[in-house]
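What follows is one structure encoded as structure tokens, with my remarks underneath.
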Amino acid sequence: MNVAMLGSGFIARFYADALVAQRAKDKLISVYSRNIEKAKKFADDYQLSFYTDDMDVLVSRPDVDVVVISLPNNLHEAAVAACARAKKHVLCTKPLGRNAAEAKRMLDMVEAAGIMGGYLEDLCYTPKFLKSMKAVKDGSIGKVLWAKSREAHPGPHSDWFWDAEQSGGGAMVDLGCHCVEIARNYIGKEIRPVEVMCWTATQVHPINAEDSAIGLIKYANGAMGQFEVSWCFRGGMDLRDEVMGTEGTIWLNNFLRTGFEMFSTGKGGYVAEKAESNSGWLFPVGDEVHELGYTNMFTDMFNAIENKTEPLESFYDGYIVNAILDAAYKSAKTRQWEPVQIEGWRGDTTADSGPATASYDDDHYLIKKEILPSGEHKLILKHKVTGEVTVREIFV
């Protein structure tokens, strides 16, 4: 497949690094940038055959099969519209839109055009995440009750991120979109997000947007999602997930502690994304593009196009994320739980089935089982009819 890149900045280069290392039959061939000199530099660096500052010219070229959008948030909708007009499959960076209304229009565009809309949510493709998701789907931790995702770093690289009009907000739309979708995957995408409670603050930066946020998301099956995001964290990029189920727990540390530690006086160069220093004790990443999920992500997207199937992350997923974030922004203002407004929900419509209780026998629920230091086995039981809670001690 021949791939065209819209954008020539930081994320475009991450995507390009993944694409040039991809399957031999997929090839990055051209680039668009609003700045023609940057387009030329990008084309030279990646040995591309064509570059331009005219988006429609690039997208409509007959040698282009797939378009990758790596532009500022306020330009996503126009870029998707161009792809829809040209009937070109389109893969868009996160967040899909600045809000749910934009995202829904983009979803409608690609579906009306009969093209694939792939949502480039790389953190849902990291090796650790994919393996943990297999464990969840295999039932290793039982029913997921709570999923928390945290992303914090010293702030983004480009000026437009710091402009709420261009980006759609601050740290929450930038980082929270990752965390919301990570939790959705663990809890189950078929489970409807119901309402959100959120706190935001501008703690450090002189911007008209939040640089920190914490949110809780209630799901229809009783599960809870939680996100913690900040542009105020010092010391690199902190990516962590925690998942609690009825039968187990998952902890993931995706980036800040990699098992690779190095001390340097500062003679070297680049260390890792969002690293604040190249001196002292450093925590590099072995294969950053792969560890952040880019290679798995593009493989999934291209396979979905070839096989005419849905990718793991689609424009519909991007729309749901934006709908959740809309509720979060509203909650931050009202200081109340706010409902998630979704047009055309495609998942499960059943209500919460109640607590995930376990029976001990015909008469009792099992509240807890533990082994004491003495070797005694203790059971805490609740009678199903009377509600009486009792302790039963078993010596083995």
Side-chain angles (χ1 to χ4, degrees), residues 124 129 131-150 176 179-199 213-228 240-252 317 320-321 323-325 327-328 330-331 334-342 345-372 376-394 396:
C124 291
F129 179 82
K131 189 160 187 176
S132 66
M133 276 301 302
K134 184 178 186 306
V136 169
K137 290 178 179 178
D138 287 347
S140 298
I141 66 169
K143 177 187 175 182
V144 173
L145 306 173
W146 174 74
K148 181 178 83 169
S149 183
R150 166 185 171 88
C179 301
V180 165
E181 187 63 355
I182 287 168
R184 274 191 74 223
N185 272 272
Y186 283 127
I187 291 168
K189 289 186 185 180
E190 73 283 1
I191 308 301
R192 182 168 186 148
V194 178
E195 55 183 348
V196 181
M197 172 65 81
C198 183
W199 167 90
I214 298 172
L216 298 174
I217 306 158
K218 288 183 183 177
Y219 284 81
N221 68 343
M224 183 70 72
Q226 180 178 339
F227 63 82
E228 303 172 359
R240 281 181 282 167
D241 304 327
E242 299 177 32
V243 190
M244 181 176 69
T246 56
E247 303 298 327
T249 304
I250 292 172
W251 291 347
L252 295 183
D317 294 309
I320 298 300
V321 169
I324 292 171
L325 291 177
K330 187 174 182 181
S331 173
T334 65
R335 298 177 182 269
Q336 298 178 4
W337 285 96
E338 292 292 344
V340 180
Q341 304 291 344
I342 298 172
W345 171 248
R346 300 176 184 179
D348 195 347
T349 57
T350 58
D352 182 7
S353 58
T357 54
S359 290
Y360 177 70
D361 55 28
D362 290 342
D363 298 322
H364 296 88
Y365 293 115
L366 175 64
I367 294 178
K368 186 181 179 184
K369 178 180 179 179
E370 63 180 323
I371 302 175
L372 300 181
E376 173 188 343
H377 289 232
K378 178 181 284 189
L379 304 176
I380 302 178
L381 307 174
K382 179 179 178 179
H383 198 279
K384 293 180 179 180
V385 176
T386 67
E388 181 184 8
V389 177
T390 58
V391 174
R392 185 175 299 179
E393 299 171 348
I394 302 173
V396 294

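As a basis for the values below, the full set of heavy atoms in this structure was taken, side chains included, without hydrogen atoms, waters or symmetry mates.
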Open item on the list: What's the separation between atom CZ in Phe129 and atom CG in Leu252, rounded to the nearest 0.5 Å?
Closed with: 8.5 Å
- [ ] Output yes when a side-chain donor or acceptor of Ser359 lies under 3.5 Å from a complementary backbone atom of Tyr365, and no otherwise.
- [x] no
Open item on the list: I'd like to check Leu216 versus Lys218 (side-chain heavy atoms, cut-off strictly below 4.5 Å). Are they in contact?
Closed with: no
- [ ] Could you check if a side-chain atom of Leu366 sits within less than 4.5 angstrom of a side-chain atom of Leu381, using non-hydrogen atoms only?
- [x] yes
TODO: Would you mind telling me which of Asn185, Ile250, Asp138 makes a side-chain contact (heavy atoms from CB on, under 4.5 Å) with Met133?
DONE: Asn185
Task: Donor-acceptor under 3.5 Å (Ser331 side chain, Glu338 main chain) - done: no
Open item on the list: Let me confirm one number: the CE-CH2 distance from Met224 to Trp146, rounded to the nearest 0.5 Å.
Closed with: 11.0 Å
TODO: Could you tell me which non-hydrogen atom of Gly225 sits nearest to which non-hydrogen atom of Ala183, and how far apart they are?
DONE: CA-CB, 4.4 Å
Task: Rounded distance (nearest 0.5 Å) linking atom OG1 of Thr349 with atom CD1 of Ile191 - done: 10.5 Å
Open item on the list: The test is salt bridge (Lys or Arg N to Asp or Glu O under 4.0 Å); show your working for Lys189 and Glu181 and say whether it passes.
Closed with: CA-CA 9 Å; Lys189 289 186 185 180; Glu181 187 63 355; 3.6 Å; yes
Task: Nearest-0.5 Å distance, CG of residue Leu379 to NZ of residue Lys368 - done: 11.5 Å
Task: Nearest-0.5 Å distance, CD1 of residue Ile371 to CD1 of residue Ile394 - done: 10.5 Å
TODO: State, with a plain yes or no, whether a side-chain heavy atom of Ile367 is found less than 4.5 Å away from one of Tyr360.
DONE: no
Task: 4.5 Å side-chain heavy-atom contact, Leu145 and Thr246 - done: yes
Task: For Tyr219 against Val180, the heavy-atom pair lying closest together - done: OH-O, 4.4 Å
Task: Closest non-hydrogen atom pair, Ala223 against Ile187 - done: CB-CG2, 3.7 Å
TODO: Using the side chain to side chain contact (heavy atoms under 4.5 Å, CB included) rule, take Ile182 and Phe227 through it: C-alpha gap first, then chi angles, then the decisive distance, then the call.
DONE: CA-CA 10 Å; Ile182 287 168; Phe227 63 82; over 6 Å; no
Task: Full working for side chain to side chain contact (heavy atoms under 4.5 Å, CB included) between Ile141 and Thr249 - done: CA-CA 6 Å; Ile141 66 169; Thr249 304; 5.9 Å; no
Open item on the list: For the NZ atom on Lys384, are there more than 12 heavy atoms of other groups (residues, nucleotides or ligands in this structure) within a distance under 6.0 Å?
Closed with: yes
Task: Heavy-atom closest contact (Asp361 atom, His364 atom, distance) - done: OD1-N, 2.7 Å
TODO: Indicate whether any N or O donor in one side chain lies under 3.5 Å from an N or O acceptor in the other, for Asp348 and Thr350.
DONE: yes
Open item on the list: I'd like to know if Lys378 pairs up with Glu370 as an ion pair, taking the criterion as any Lys NZ or Arg NE/NH1/NH2 lying under 4.0 Å from an Asp or Glu carboxylate oxygen.
Closed with: no
Task: Other residues, nucleotides, ligands: >12 heavy atoms within 6.0 Å of Lys143 NZ - done: yes
Open item on the list: Please report the interatomic distance SG(Cys179) to CZ(Arg184), rounded to the nearest 0.5 Å.
Closed with: 14.0 Å
